Amino acid sequence: MHEQPDGAALLEAARGVLLEELLPHLPEGLRFAARMVANAMAIAAREARQDGDQQAKCLAAVAALTGPGDAPLAAFAKAIRAGGFDPGTPQHAAAAAALMDLARARCTVSAPKALAESPFRAAE
Amino acid sequence: MDEQRRAAVETWLRGASGDPALAIIGAVLLSGGAIQQNWAIDVEHRGSVEAWVLRTDNAATLAVSLPRAAEYRLLQAAQAAGVTVPEPLFLCEDATVAGAPFFVMRRVKGIAAGYRVVKSELLGGGRVALAEALGQELARIHSIRPPRPDLAFLGDAPADAARAFIAAQRAALDRQHAPRPAIEWGLRHLEREAPAPVPAVLTHNDFRTGNLMLDEQGVTAVLDWEFAAWGDGHADLGWLCAKCWRFGNLAQEAGGIGPRAALYAGYGGVDDASVRWWELAAHIRWAVIAVDQAARHISGTEPNLELALTGHIVPELELEILRMTGVPDA
């Protein structure tokens, strides 16, 4: 429906121009801001490319743990606080796995480097 | 600093210092945000030129004027306890002088920027010596204990700092819209494993790489006292050691700067299990702060790209929180 290249591809191309062509000519005092802009573009591009199925799967796993209701994440958070998924409860391992899947899906957009090894390793 | 304000400050400083010839010969804005301003001022005082910093709030934020006076008294208390801080010189609580209360401290030389600090093998006499020195600084800060009438603005010490921490983080999450199951998971883990209460000490609460001014001899200043509170000293050790504050240099567990063992040796008498508890707490605290910072952008009260991007640190912190609580990684 939309014309190609799509939004994600445009962001990636624009980010390349920013980092390779514009940044070297910016005074030192403006480079931090330019890097922030590049970072924001990268996050937005990854979000546009994220596999919608992955998110839906994560949410379905959470909903399976919390039972029927229209706000599974909120119910999940509340139940965790109340100890409903503590070690020794029947659903503890399933809850842990759902949380890990969710965090990994979120990192796919916000911090993909954290997925490969330990978070916080990349000093950009 | 406009002429009028500079003249008013100069006049006030003449009175405060007892030097009628004192003159401000230079003033450069070091950092200015919506709330605070830091000015580097060069001052002719008793025949020599002195390098000072004037720290104040913007006139528009008079409601938060107490923190400047509080910060000044914390610097005084820290200095008296032997902590390496910028020497506090004068406090002006009269908002009519410069538009807001301000204080003046001696300017300190050194490097603080995290990414530079963690790369250096030379700062502070090398990594081991520097980590030991940081442990010693923390021990001196923690030698300050309640009751302290001069620090009355800190309020009463919590009976149980660990449980008070959990309650405060949950209250902060409840003020936000989005549910945070991974952070809740971490908090619940902390609740099950909470250490026994210990006698309260002064905790700096932002003692980390980036807030420590260093040179090749050692620590030149412990900065940014605005989060100080009564609490459990292990919280400061955990904050410094947290992976998220190692600026990418994960092998050096004390803030990306040096070995954990050297930090502990410098500090003396560390309960390692308690530090590890507060290390998980540190990741949770930083995640909650990041959520709050992003919310300031999202709500439109303070549109700012840096705040917006801070929100995207949260997923990475969640991943680490889960790993620290023993959740198997996929």
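What you see below is based on every heavy atom in this structure, not just the backbone, and it leaves out hydrogens, waters and symmetry mates. Chain letters run A, B, ... following the sequence lines, proteins first, then strands; residues in each count from 1. Please read these numbers as outputs of a predicted model, since none were measured by experiment.
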Top of Ala111(A), Cys107(A), Ala79(A) for chain B proximity - count of heavy-atom pairs under 4.5 angstrom | Cys107(A)
Applying a strict 4.5 Å limit to non-hydrogen atoms, the region of Ile43(A) in contact with chain B is side chain
Would you mind checking which part of Val37(A) comes under 4.5 Å of any heavy atom in chain B, side chain (CB onward), backbone (N, CA, C, O), both or neither?
-> both
Does any heavy atom of chain A fall under 4.5 Å from the side chain of Arg170(B), the backbone, both, or neither of them?
-> both
Is the closest side-chain heavy-atom distance between Met324(B) and His283(B) below 4.5 Å?
-> yes
Is chain B contacted by the side chain of Phe85(A), its backbone, both, or neither, given a heavy-atom distance below 4.5 Å?
-> both
Stacked cation flag Arg208(B) on Trp245(B), 6.0 angstrom / 45 deg = yes
Taking every heavy-atom pair that is under 4.5 Å apart, which of Ala95(A), Ala105(A), Pro87(A) has the most such pairs with chain B?
-> Pro87(A)
Asp232(B) and Trp278(B) side chains, donor-acceptor separation under 3.5 Å = yes
What about Trp185(B) and His92(A), are their ring centers closer than 6.0 Å?
-> yes
Residue set satisfying ring-ring contact (aromatic ring centres under 6.0 Å, His included) with Trp39(B), at least two apart, ordered chain then number -> none
Flag the one option from His312(B), Glu191(B), His189(B) with the top tally of heavy-atom pairs under 4.5 Å to chain A.
-> His312(B)
Region of Leu187(B) that comes under 4.5 Å of a non-hydrogen atom in chain A = neither
Residues passing the salt bridge (Lys or Arg N to Asp or Glu O under 4.0 Å) test with Arg107(B), sequence neighbours excluded, are Asp42(B)
